[in-house]
Visitor: 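My questions all concern the structure below.
This one's a predicted model, so the numbers in the text were calculated from it and none came from an experiment.
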Amino acid sequence: MTSTQDAVCRRLVGRTAVVTGAGSGIGLASARRLASEGAHVVCADIDTERGKAAAEETGGLFVAADVTDAGQVAALYRTAHETYGSVDVAFHNAGISPPDDDSILSTEPDAWHRVQQTNLTSVYLCCREVLPYMRRQGRGSVVNTASFVAVMGAATSQISYTASKGGVLAMSRELGVQFAREGIRVNALCPGPVNTPLLQELFAKDPERARRRLVHVPAGRFAEAEEIAAAVAFLASDDASFVNATGFLVDGGIAGAYVTPL
């Protein structure tokens, strides 16, 4: 039996893929997957050590970038295009979920604005920069990380995170419609809870809150980052040529569940 890596197809040979937040979690798993499918991967991260490690592992290029800074975002896409000659895939994944983003009753304006800047404004800045490159090429796939919380409510609220991901979903839908006839697809990836360092930290700090999430997953477990990366690779590829302006749920059935199995 072949391993998952051996079985990966090569749908992105010669294409350039930019991944923000590439140093860990979903971003790192996606950088690995896109590289395995043949893409030149540009790994962007604010963490220089992790970002460089991701680029070295994937044979790609590291660009240090704070995606909340318009100038650094412009430099990221300029560097990608100058290095590889195209920008075919943009996976806008960088995001935060800090502990001070909680119920609306306790979340202060500083936490609200910080999360909005990182999770939503950064996606706006990245899309604004990459779309002109894709328009000149007449092709491209943009994948923006939203979340299943963009389509569902939670009593264990992270109010700014939820609002930011709803914004990503709405913006992605609109951009997908606006640029569809120019050969550009824009989709919002909506993962369920994923077994990443962020989730592990939640388990450690508040096991009860984590348990309340897990009970709603029909699959009985959280996703692995590699499972989300497989969805990214699909949306990036021509196999998804008629998938556009949508919220692409990869949530283990959460959004479809009323009562989960015992």
Visitor: Side chains of Ile254 and Met152: does their closest heavy-atom pair fall under 4.5 Å?
Guide: yes
Visitor: Treating Ser147 as the side-chain partner and Cys190 as the backbone partner, does any N or O pair qualify as donor plus acceptor under 3.5 Å?
Guide: no
Visitor: Closer than 4.0 angstrom, basic N to acidic O: yes or no for Glu37 and Arg33?
Guide: yes
Visitor: Any chance you could lay out the side chain to side chain contact (heavy atoms under 4.5 Å, CB included) test for Val250 and Glu227, step after step, and finish with the verdict?
Guide: CA-CA 8 Å; Val250 188; Glu227 293 175 299; 5.6 Å; no
Visitor: With the side chain counted from C-beta on, respond yes when Val42 and Thr79 share a heavy-atom pair under 4.5 Å apart, and no when they do not.
Guide: no
Visitor: So Tyr84 and His40, would you call those rings parallel, tilted or perpendicular, with 30° and 60° as cut-offs?
Guide: parallel
Visitor: Under 4.5 Å between side-chain heavy atoms, counting indirect links through other Ile/Leu/Val/Met/Phe/Trp/Tyr residues: same cluster for Leu189 and Leu34 or not?
Guide: yes
Visitor: Could you check whether any side-chain heavy atom of Ser172 comes within less than 4.5 Å of a side-chain heavy atom of Val186, counting everything from C-beta outward?
Guide: yes
Visitor: Is it true that Asp88 and Arg139 have a side-chain N and a carboxylate O under 4.0 angstrom from each other?
Guide: yes
Visitor: How close do Leu169 and Gly247 get, counting heavy atoms only, and between which atoms?
Guide: CD1-CA, 3.6 Å
Visitor: Does one side chain, of Thr121 or Gln116, offer a donor that lies under 3.5 Å from an acceptor on the other?
Guide: no
Visitor: Does some side-chain heavy atom of Val67 sit less than 4.5 Å from a side-chain heavy atom of Cys126?
Guide: yes
Visitor: Within the supplied structure, the quantity of interest is the number of heavy atoms (other residues, nucleotides, ligands) at a distance under 6.0 Å from Glu174 CD; does it exceed 12?
Guide: no
Visitor: Can you tell which of Val18, Ile26, Thr20 makes a side chain to side chain contact (heavy atoms under 4.5 Å, CB included) with Phe91?
Guide: Ile26
Visitor: Among side-chain atoms of Ser97 and Gln158, is any donor-acceptor pair under 3.5 angstrom?
Guide: yes
Visitor: When you measure from the side chain of Asn144 to the backbone of His92, do you find a donor-acceptor pair of N or O atoms at a distance under 3.5 Å?
Guide: no
